[in-house]
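Read the structure below first, then the notes.
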Amino acid sequence: MIISNYNHIKQEVIETAKTCGRNPDDITLIAVSKTKPLSCIEDLITIGVEDFGENKVQELCDKYENVSKPVKFHLIGHLQTNKVKYVVDKTCLIHSLDSVKLAKEIQKEALKKQVTVNVLIEVNVAEEESKFGLKVEDVIPFLEEIASYSNIHVTGLMTIAPFVENPEENRVHFRRLKQLSLDIISKNIDNIDMNVLSMGMTNDYKVAIEEGATMVRVGTAIFGARNYSI
Ligand SMILES: *Cc1c(COP(=O)(O)O)cnc(C)c1O
């Protein structure tokens with residue numbers, strides 16, 4: 001079931017990319033395995049899937065230690081500074097950098113472990129109270145401040161769009177994130193790349209791809225509904 005779900009979504013990603021004139025190879029489908037057992041990841045490893053998304057440090061580390069083959073674990077959830085030391089050398093990409101305090105901690109721990117950490121800046125494009133992330137207007141000053149952090153490599157932007165019935169409602173937010181990435185590129189800030197736009201989930205990944213997503217994070221449509229009570 002998980003394998004056929006994955007293959008179906010992968011095919012939809014490819015079709016959506018082609019329909020809007022994009023190269024499907026430019027879009028990474030991240031299988032969001034949070035709350036799901038390691039066996040679900042193992043199922044997808046059998047068909048060559050390499051990118052998985054987790055939102056809790058502890059769970060990511062457990063899966064990292066126990067998985068049968070090395071795969072890429074994306075940290076997509078909010079990161080607390082006291083957890084940074086556990087995860088800097090186990091994640092391929094932190095999608096949720098949103099404060100100078102967190103950047104300082106990542107820099108410190110990455111330097112200790114002699115690694116460079118790839119990060120995305122989380123942007124609260126829709127300015128939802130309940131969500132983490134920087135406001136659009138704060139992103140460029142933030143980047144200018146952390147550009148000199150030698151062990152942090154900013155590779156792009158991430159947003160979590162509002163939960164809406166009609167995914168078209170989120171198009172404006174995805175478009176705004178893309179525009180922000182273009183504005184950043186035009187500033188030519190040292191050590192800052194904008195190759196990645198992580199946006200789009202089960203309900204709205206197609207619209208996100210049409211608006212320029214290079215990573216989509218899909219959980220429910222691949223693994224089924226999550227049960228948070230266990
Ligand atoms: C849970 C989660 C997803 C996946 O959401 P689905 O709607 O299940 O596809 C994507 N991104 C983030 C940041 C998440 O926390």
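Remember, it's 1-based here, ligands and their atoms both numbered in the order they're listed.
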Ligand-side contact atoms (ligand 1) for residue partner G219, heavy atom cut-off under 4.0 Å
4 (C), 6 (P), 8 (O), 9 (O)
Side chain or backbone, does I160 bring an N or O within less than 3.5 Å of an N or O on ligand 1?
no
Quick one: does any side-chain atom of K113 pair with a main-chain N or O of K85 as donor and acceptor, under 3.5 Å?
yes
Is there a path of hydrophobic side-chain contacts, each under 4.5 Å between heavy atoms, that joins L75 and V123?
yes
Using distance alone, with no hydrogens and no angle criterion, decide if N7 and Q11 have a side-chain donor and acceptor under 3.5 Å apart.
no
Can you report which non-hydrogen protein atom sits closest to atom 12 (C) of ligand 1, along with the distance?
I76 CD1, 3.5 Å
Name the closest protein heavy atom to atom 2 (C) of ligand 1, giving the residue it belongs to and the distance to 0.1 Å.
K34 NZ, 2.5 Å
Among all the protein's non-hydrogen atoms, which is closest to atom 8 (O) of ligand 1, and how far away is it?
T220 OG1, 2.5 Å
Closest protein heavy atom to atom 5 (O) of ligand 1, given as residue, atom name and distance to 0.1 Å:
M201 CE, 3.5 Å
Determine whether a donor-acceptor pair (N or O, by modelled atom type, separation under 3.5 Å) exists between the side chain of S99 and the backbone of L102.
yes
Would you mind telling me if ligand 1 is within reach of the side chain of H95, the backbone, both or neither, using heavy atoms under 4.0 Å?
neither
Pull out every atom of ligand 1 sitting under 4.0 Å from any heavy atom of V218, numbered as shown with elements.
9 (O)
What I want to find out is whether K101 reaches E105 closely enough, with some N-O distance under 4.0 Å, to be called a salt bridge.
no
Go through it in stages, so that I can follow the logic: the residues are E128 and K131, the test is salt bridge (Lys or Arg N to Asp or Glu O under 4.0 Å), and I'd like the CA-CA distance, side-chain angles, deciding distance and then a yes or no.
CA-CA 6 Å; E128 288 181 284; K131 296 238 169 90; 2.5 Å; yes
Which atoms of ligand 1 are found less than 4.0 Å from any heavy atom of R217?
4 (C), 9 (O), 10 (C), 11 (N), 12 (C), 13 (C)
Which of the ligand 1 atoms, numbered from 1, are nearer than 4.0 Å to a heavy atom of T202:
6 (P), 7 (O), 8 (O), 9 (O)
Pair E12, K206 - check salt bridge (Lys or Arg N to Asp or Glu O under 4.0 Å), show working.
CA-CA 8 Å; E12 295 281 310; K206 289 183 186 174; 2.4 Å; yes
